[in-house]
Asks: 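Encoded as structure tokens, here's the structure I'll be asking about.
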Amino acid sequence: MDNLNTHTCASLYTAFEPAEAKRLAEKLEVHYTPKHGSWLNMAEIELSALARQCLAERMNEKENLKEQVAAWQERRNTSAAKIDWRFTTDEARIKLKRLYPIILP
């Protein structure tokens with residue numbers, strides 16, 4: 001689960017009656033993703049590519065959707081698509097300097 005402010009068990013109580021919210025909350029084991037996890041960024045990039053390249057048109061049949069996604073996935077894997085990270089370490093040290101320690105000689 002990502003760290004969006006509504007992604008908590010407490011949010012269940014705004015959507016359901018208290019007894020139902022409690023029942024659902026007790027069934028959940030929440031694992032939050034790192035806020036700056038590069039694997040999460042990669043997943044979001046892939047889902048964005050899937051949406052733009054494959055899911056741009058409406059599909060009426062579930063089987064058609066499955067076939068289209070499988071074909072897209074096969075093409076993506078065959079082409080060994082890579083992510084071009086544009087945020088360099090030097091840029092990170094400037095933008096996120098509060099997170100990097102200052103090392104004195």
Asks: Out of curiosity, E29 CD to C9 SG, how far, rounded to the nearest 0.5 Å?
Replies: 10.5 Å
Asks: Which atom pair, heavy atoms only, marks the closest approach of P18 to Y13?
Replies: O-CE2, 3.6 Å
Asks: With hydrophobic residues grouped by side-chain heavy-atom distances under 4.5 Å, do L65 and L50 end up in a single group?
Replies: yes
Asks: Atom CD of residue position E61 - does it have more than 12 heavy atoms of other residues, nucleotides or ligands inside 6.0 Å?
Replies: no
Asks: How long is the span from the CD atom in Q73 to the OG1 atom in T78, to the nearest 0.5 Å?
Replies: 10.0 Å
Asks: Which distance, rounded to the nearest 0.5 Å, do you find between the NZ of K82 and the CD1 of I45?
Replies: 14.0 Å
Asks: Treat each ILVMFWY residue as a node, draw an edge where side-chain heavy atoms are under 4.5 Å apart, and state whether M59 and V69 are in one component.
Replies: yes
Asks: If you take all heavy atoms of F16 and A21, which pair is closest and at what distance?
Replies: CB-N, 4.0 Å
Asks: If we ignore angles and hydrogens, is there a donor and acceptor under 3.5 Å between the side chains of R52 and S48?
Replies: yes
Asks: Are any non-hydrogen side-chain atoms of Q53 and R75 less than 4.5 angstrom apart?
Replies: no
